[in-house]
Amino acid sequence: MTSPLDRRRHLTGLAFITPTMLVIIAILVYPILQSIVLSFGQSSIDGSEPYTFVGLKHYAALAGNDRFWNSLWVTLTFTAISIPLELAMGIGLAVLLNEHFRFKGIARLAVLFPWALPTALNTLMWRWMYNTDYGLFNAAALQSGIVDRPINWLGDETLAMLSMVVVAVWKTSSFMALIILAGLQSIPRDLYEAGRMDGMTRWQEFREITLPLLKGPILVALIVRSMDALRTFELPFNLTDGGPVTATESLSLYAYKVIFDFIEFNYGAAIVVVQFLVIFAMSLLYILTLRNKD
């Protein structure tokens, strides 16, 4: 039987957590539920057309929409290429910043600088450097003799995707490094000293001690960054506007165009719901994969 003291503690905990839960419901749960309701119906933004339930009509239309499948493929491709690169660079930067050397504080600040800058500002800066006529990359390549004519970085379908990945890796590898660095600093130094006494090399220490104890931070970094990559919007919007044609049009950018350019809120809501399911499935896959390896 629960004692009065335990009940009081439960009520106190509930009182502390209730405001947070109400905020989460207001800014997260309610928009998701509203999008689900809109995706199963048909209505107008001005209220002249009342809400009518149409079932899976919008989802059936998505199934036959080549542009939707292209945007989904672009999103998954961007995520599949950028996340492993960001994780590898993040681990490398974290291990480096965890060492003891002069001006380590300045080095950490410099590494975090790309992540601290707004995405729109980052993207505009890179867009200038990618410019075909007066961009930094073409100027350097031409002057060094690597190429004999300017490269259309953002006008070629393959190069545009790779260019977008480069910007993403440059900006968010520091975010990965920040999370993994926190995990590195929580590993007891005694484990490394014991490993050295057993004759472990630096690589063996990293493989047998560091990586197993970084599973938690790596999982957090992968989930957060994958969710961000799967809903990427600012980067393609400011860098290529989804071009050339639709080669870099992400799912979020396509949903934005459907909702605000074509004024099809119900159809756009269906795209948002599909995007939410993809993000949820990806996060669940990460958790189950790492849990099975424990």
Side-chain angles (χ1 to χ4, degrees), residues 14 17-80 82-83 119-120 123 161 164 168 222-288:
L14 184 62
I17 199 174
T18 297
T20 303
M21 294 304 298
L22 291 176
V23 172
I24 292 175
I25 292 173
I27 65 176
L28 293 178
V29 178
Y30 175 73
I32 292 173
L33 294 177
Q34 186 183 41
S35 297
I36 294 174
V37 172
L38 287 173
S39 69
F40 286 105
Q42 186 66 48
S43 58
S44 62
I45 186 174
D46 58 0
S48 59
E49 179 184 349
Y51 178 86
T52 305
F53 181 77
V54 296
L56 298 175
K57 175 183 176 182
H58 300 302
Y59 294 97
L62 284 179
N65 187 340
D66 292 338
R67 188 168 178 179
F68 163 75
W69 288 111
N70 174 76
S71 65
L72 179 59
W73 174 253
V74 167
T75 303
L76 295 177
T77 302
F78 171 75
T79 303
S82 62
I83 297 301
T119 302
T123 306
M161 172 60 74
M164 192 166 71
L222 285 174
I223 291 177
V224 173
R225 181 59 195 125
S226 294
M227 291 173 63
D228 191 37
L230 288 170
R231 56 184 174 82
T232 184
F233 170 77
E234 283 185 279
L235 179 54
F237 178 76
N238 289 290
L239 187 66
T240 62
D241 195 27
V245 192
T246 56
T248 58
E249 186 178 69
S250 65
L251 208 55
S252 293
L253 182 56
Y254 177 52
Y256 169 84
K257 291 179 179 179
V258 168
I259 294 173
F260 293 102
D261 292 348
F262 306 144
I263 318 298
E264 296 183 11
F265 287 87
N266 301 98
Y267 192 62
I271 301 174
V272 172
V273 171
V274 172
Q275 184 180 31
F276 168 76
L277 293 176
V278 171
I279 294 174
F280 179 79
M282 182 71 73
S283 302
L284 188 62
L285 179 62
Y286 279 137
I287 295 173
L288 294 178

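This chain uses plain numbering: 1 for the first residue, then up along the sequence.
When all heavy atoms are compared, the tightest approach of Ser250 to Pro236 is OG-CG, 3.7 Å. Residues Phe68 and Val274 approach most closely at CZ-CG1, 3.7 Å, considering heavy atoms. Of all heavy-atom pairs spanning Ile259 and Gly268, the tightest one is CG1-CA, 3.7 Å. Across all non-hydrogen atoms, the minimal contact from Trp69 to Gly64 is NE1-N, 4.4 Å.
Note that CD of Glu234 and OG1 of Thr123 are 7.0 Å apart. Values are rounded to the nearest 0.5 Å. Rounding to the nearest 0.5 Å places OG of Ser35 at 10.0 Å from OH of Tyr30. Remark: Ser82 OG to Met164 CE distance equals 8.0 Å, nearest 0.5 Å. Here the CD1 atom belonging to Ile223 is positioned 12.5 Å from the CD1 atom belonging to Ile279, to the nearest 0.5 angstrom. For the atom pair CD (Gln42) and OH (Tyr267), the distance works out to 12.0 Å, reported to the nearest 0.5 Å. For the atom pair CG of Asn266 and OH of Tyr51, the computed distance is 7.5 Å after rounding to the nearest 0.5 Å.
Remark: side-chain polar atoms of Tyr254 are not paired, donor with acceptor, to backbone N or O of Ile271 under 3.5 angstrom. With Thr75 contributing its side chain and Leu251 its backbone, the two residues share a donor-acceptor pair below 3.5 Å. Using a distance-only test at 3.5 Å, with no hydrogens or angles considered, a donor-acceptor pair links the side chain of Ser252 to the main chain of Arg231. In this structure, Thr248 contributes its side chain and Gly243 its backbone to a donor-acceptor pair below 3.5 Å. For Gln275 (side chain) and Leu230 (main-chain N/O), a donor-acceptor pair under 3.5 Å exists by modelled atom type. Without hydrogens or angle criteria, Thr232 side chain to Ala229 main chain gives no donor-acceptor distance under 3.5 Å. In terms of modelled atom types and a separation under 3.5 Å, the side chain of His58 and the main chain of Phe40 share no donor-acceptor contact.
Using the six-membered ring where Trp is involved, Tyr256 and Phe260 have ring planes that are tilted, between 30° and 60° apart.
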Working for side chain to side chain contact (heavy atoms under 4.5 Å, CB included), residues Asp241 and Lys257: CA-CA 10 Å; Asp241 195 27; Lys257 291 179 179 179; 4.0 Å; yes
task = Apply the test side chain to side chain contact (heavy atoms under 4.5 Å, CB included) to residues Val258 and Glu264: give CA-CA distance (whole Å), side-chain angles for both, the deciding distance (0.1 Å), then the verdict.
result = CA-CA 6 Å; Val258 168; Glu264 296 183 11; 4.0 Å; yes
Verdict with supporting geometry, Leu235 and Asn238, side chain to side chain contact (heavy atoms under 4.5 Å, CB included): CA-CA 6 Å; Leu235 179 54; Asn238 289 290; over 6 Å; no
What verdict does the side chain to side chain contact (heavy atoms under 4.5 Å, CB included) test give for Leu38 and Ser43, after you've listed the backbone C-alpha separation in whole Å, the side-chain angles of each residue and the deciding distance to 0.1 Å? CA-CA 8 Å; Leu38 287 173; Ser43 58; 4.1 Å; yes
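Annotation: Leu22, atom CG; neighbour count of heavy atoms from other residues, nucleotides and ligands within 6.0 Å is above 12. Remark: Phe280 CZ is loosely packed, at most 12 non-hydrogen atoms of other residues, nucleotides or ligands lying under 6.0 Å away.
Each of Ile83, Leu76, Thr77 was evaluated against Thr79; a single residue qualifies, Ile83, per the side chain to side chain contact (heavy atoms under 4.5 Å, CB included) test.
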